[in-house]
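Side-chain atoms are counted along with the backbone in the values below, which use heavy atoms only and exclude waters and symmetry mates. Fair warning: this is a prediction, and the values are worked out from it, not measured in the lab. Just follow the structure's listing: the first ligand is 1, and inside any ligand the first atom is 1.
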Amino acid sequence: MSVTVTVLGSAQAVGEALALQVVTALRAKPDVVLGLASGRTPVDGYAELRRLHAEGKADFSRASTFNLDEFVGVDAHHSGSFRQFMERYLFEGVNLDPARIHFLNGAAADPDAECERYEQAIRRAGGIDVQILGIGSNGHIGFNEPGEDLKVRAHRVTLAESTRRDNAALFGGDPARVPNEALSMGIGTILLARRIVLVATGAKKADCIRAALNGHLTTRVPASLLQVHRDVEFLLDSAAASLIDRP
Ligand code: GLP
């Protein structure tokens, strides 16, 4: 088991470190399978990846991607979808083959079958090499919300009120317009990734980062389960790291 914590001076530096991790993975394995996260935190890293690609320093032509989650009832063209978010912040600026970009379809008629299809697609791709994660202020990863139990594989989930508030910007700033449900990779899907890089910035994340790194393993803090992973790195700015126990 090995969790590495890297504390950097700014959110910008966290973004650059995240991009470096991806570029290193691409160079080591051009057909790398990346697990991608939406949310504001990785956006600086995605901007840096677009910049590096424009400079000829990041070639995604053989890479595959699997995003963590999507809102239920929202198709790939909906302006609030995570798919559109990723188009805007990453896909439009790099040379990924559209056939190798994978997403859960939030508008699927049969969400359970859609989740099973997604799990199979990840398996067929050989599993995820590097999974990028953000963290919800309540400790969620993907859309695995705190609760009595956690699901192993991709599943349909009811979103917490705090999560709907946190995602309101995608739906015109109105939490009531954020869908009640989402499809998400499960905790087992995430933990099967060979390497995991979690990014968190800002004082709002200090409590959940402390609970994830220094607390007990608990379904009440889904990110705490990452402590059992063999190769996980937390990239934090000093505000997000401000409450963790220093070795
Ligand atoms: C959403 C996503 C998560 C993400 C979280 C944090 O809930 N489903 O994968 O980690 O947002 O978002 P932010 O980075 O904007 O704080």
Side-chain angles (χ1 to χ4, degrees), residues 8 10-12 14-15 17-19 34-48 65-74 78 80-86 88-90 102-106 115 118 128 130-147 150-151 154-171 173 175 177-187 189-191 193 196-209 211-213 221-226 232-237 239-241:
L8 296 150
S10 66
Q12 176 65 27
V14 169
L18 174 63
L34 300 169
L36 299 179
S38 47
R40 283 170 295 274
T41 316
V43 161
D44 284 343
Y46 295 155
E48 178 68 3
T65 67
F66 287 87
N67 262 80
L68 280 165
D69 44 23
E70 184 58 282
F71 296 103
V72 163
V74 156
H78 189 290
S81 68
F82 281 155
R83 173 65 198 236
Q84 285 301 313
F85 181 95
M86 291 303 300
R88 198 156 57 242
Y89 291 109
L90 182 65
H102 303 276
F103 246 89
L104 282 154
N105 175 10
C115 289
Y118 204 58
I128 292 170
V130 182
Q131 175 67 56
I132 296 168
L133 293 178
I135 184 169
S137 50
N138 64 3
H140 76 220
I141 47 177
F143 270 140
N144 294 277
E145 297 282 31
L150 292 169
K151 297 281 193 305
H155 60 287
R156 184 173 187 157
V157 60
T158 301
L159 298 176
E161 276 309 311
S162 63
T163 299
R164 295 178 68 214
R165 272 198 307 277
D166 287 351
N167 283 280
L170 292 170
F171 294 86
R177 286 175 53 200
V178 179
N180 282 317
E181 293 180 304
L183 304 182
S184 177
M185 284 188 199
I187 289 289
T189 325
I190 293 170
L191 289 175
I196 297 175
V197 181
L198 184 147
V199 285
T201 57
K204 251 187 82 179
K205 299 289 171 73
D207 279 316
C208 63
I209 287 296
L213 281 171
V221 183
S224 68
L225 276 287
L226 296 173
V232 51
E233 180 163 4
F234 279 54
L235 296 175
L236 309 173
D237 71 354

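At the top of the distance list for atom 11 (O) of ligand 1, counting protein heavy atoms only, stands His140 NE2, 4.1 Å. With respect to atom 15 (O) of ligand 1, the closest heavy atom belonging to the protein is Arg40 N, 2.7 Å. Ranking protein heavy atoms by distance to atom 12 (O) of ligand 1, first place goes to Gly39 CA, 3.7 Å. Lys205 NZ, 2.6 Å is the protein heavy atom nearest to atom 16 (O) of ligand 1. Among protein heavy atoms, atom 4 (C) of ligand 1 sits closest to Ser38 O, 3.9 Å.
When every heavy atom of Ile128 is checked against every heavy atom of Leu34, the shortest pair comes out as CG2-C, 4.3 Å. Between Ala37 and Tyr46, the closest heavy-atom pair is O-OH, 2.7 Å.
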Thr163 vs Glu145, test: side chain to side chain donor-acceptor pair (under 3.5 Å). Steps then yes/no. CA-CA 9 Å; Thr163 299; Glu145 297 282 31; 2.7 Å; yes
Decide side chain to side chain donor-acceptor pair (under 3.5 Å) for Glu70 and Asn105; before the verdict, give the C-alpha distance in whole Å, the side-chain angles of both, and the deciding distance to 0.1 Å. CA-CA 7 Å; Glu70 184 58 282; Asn105 175 10; over 6 Å; no
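Here His78 and Phe171 bring their ring centres to under 6.0 angstrom of each other.
Proximity to Phe143 (heavy-atom distance under 4.0 Å) selects the following atoms of ligand 1: 1 (C), 7 (O), 8 (N). Listed by number with element, the atoms of ligand 1 under 4.0 Å from a non-hydrogen atom of Asn167 are 1 (C), 7 (O). Close contacts of ligand 1 with Gly134, meaning ligand atoms under 4.0 Å from a residue heavy atom, involve 10 (O). Listed by number with element, the atoms of ligand 1 under 4.0 Å from a non-hydrogen atom of Asp69 are 2 (C), 8 (N), 9 (O).
Residue contact check for ligand 1: Ala37 places no non-hydrogen atom closer than 4.0 Å to it. The closest approach between Asp166 and ligand 1 stays at or above 4.0 Å for every heavy atom of the residue.
Here Asp166 pairs with Lys204 in a salt bridge; the nearest charged N to carboxylate O distance falls below 4.0 Å.
By the criterion of a heavy-atom distance under 4.0 Å, both the backbone and the side chain of Thr41 are placed next to ligand 1. Residue contacts with ligand 1 for Ile135 involve N, CA, C or O but no side-chain atom from C-beta outward (heavy atoms, distance under 4.0 Å).
Between Ser137, Gly142, Gly136, Ala182, it is Gly142 that holds the heavy atom closest to atom 3 (C) of ligand 1.
A distance-only check finds no donor-acceptor pair linking the side chain of Asn67 to the backbone of Phe103 [under 3.5 Å]. Put simply, the side chain of Arg164 gets close to the backbone of Val178: a donor and an acceptor are under 3.5 Å apart.
Ring planes of His102 and Phe66: parallel class, angle under 30° (limits at 30 and 60°).
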